[in-house]
Amino acid sequence: MKTCFFLKITYIAFHLFTLLIYFISMQTGTVKFFNETKGFGFVVDDASGQEIFLHVTGLNGTKVRENDRIEFETVEGRKGLNAVNVKRI
C-alpha cells in the first residue's frame, strides 16, 4: 500500500516538474524584423535584449510581423541562437 502511494506521488511530482521546466524554458520577445519573401528575421529577447535569428521553419505556421510579441524556445544553430516553436502572444 505504501509503495503504491509513493509511486503515485512520484508520478505527479515528475509531471509537475516537467510542466515547470516547459514554462521556464519559454522565452518572450518582440519581432524586430521579418522578411516573408526571404523567410527570416530577428527577435529581441525580453530578458537579455539579445537579437535571435528567426527562420520560417521555426514558426510552425504562425504568421509574424514587425513588433509582434512572441513566445519561443531557442536552439543553437550554425551561426548562433535560433528561435523555434514560435507563438504569438
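Any value given below was found using the heavy atoms of this structure, including those in side chains, with hydrogens, waters and symmetry copies removed.
Scored by the salt bridge (Lys or Arg N to Asp or Glu O under 4.0 Å) test, Arg69 finds Asp46 as partners (sequence neighbours excluded). Evaluation of the side chain to side chain donor-acceptor pair (under 3.5 Å) rule for Thr37 yields no partner, not counting sequence neighbours. Contacts of Glu51 classified as side chain to side chain donor-acceptor pair (under 3.5 Å), with partners at least two apart in sequence or in another chain: Lys32. Not counting sequence neighbours, Asp68 has no partner by the salt bridge (Lys or Arg N to Asp or Glu O under 4.0 Å) test. Qualifying side chain to side chain donor-acceptor pair (under 3.5 Å) partners for Asn67, counting only residues two or more places apart in sequence or in other chains: none.
The aromatic rings of Phe53 and Phe42 stand perpendicular to each other, their planes meeting at an angle above 60°, with 30° marking the opposite boundary.
Put simply, the side chain of Met26 reaches to within 4.5 Å of the side chain of Glu73, judged on heavy atoms.
Cluster membership check: Val43 shares its hydrophobic cluster with Leu81, using side-chain heavy-atom separations under 4.5 Å among Ile, Leu, Val, Met, Phe, Trp and Tyr.
Taken to the nearest 0.5 Å, the CG atom of Asp45 stands 7.0 Å off from the OG1 atom of Thr28. Within the model, atoms OG1 of Thr74 and CD of Gln27 stand 4.0 Å from one another, a figure rounded to the nearest 0.5 Å.
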Without placing hydrogens or testing angles, list every side-chain donor-acceptor pair under 3.5 Å for residues 58-65, not counting sequence neighbours.
| from | atom 1 | to | atom 2 | distance (Å) |
| --- | --- | --- | --- | --- |
| Asn60 | ND2 | Asn85 | OD1 | 3.2 |
| Thr62 | OG1 | Leu59 | O | 3.0 |
| Thr62 | OG1 | Val86 | O | 3.3 |

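Evaluated for a side-chain contact (heavy atoms from CB on, under 4.5 Å) with Leu54, the options Phe34, Phe40, Phe72 yield exactly one hit, Phe34.
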Report the C-alpha separation of Lys87 and Ile70 in whole Å, then their side-chain angles, then the decisive distance to 0.1 Å, and conclude whether the side chain to side chain contact (heavy atoms under 4.5 Å, CB included) test is met.
CA-CA 5 Å; Lys87 299 174 190 165; Ile70 61 170; over 6 Å; no
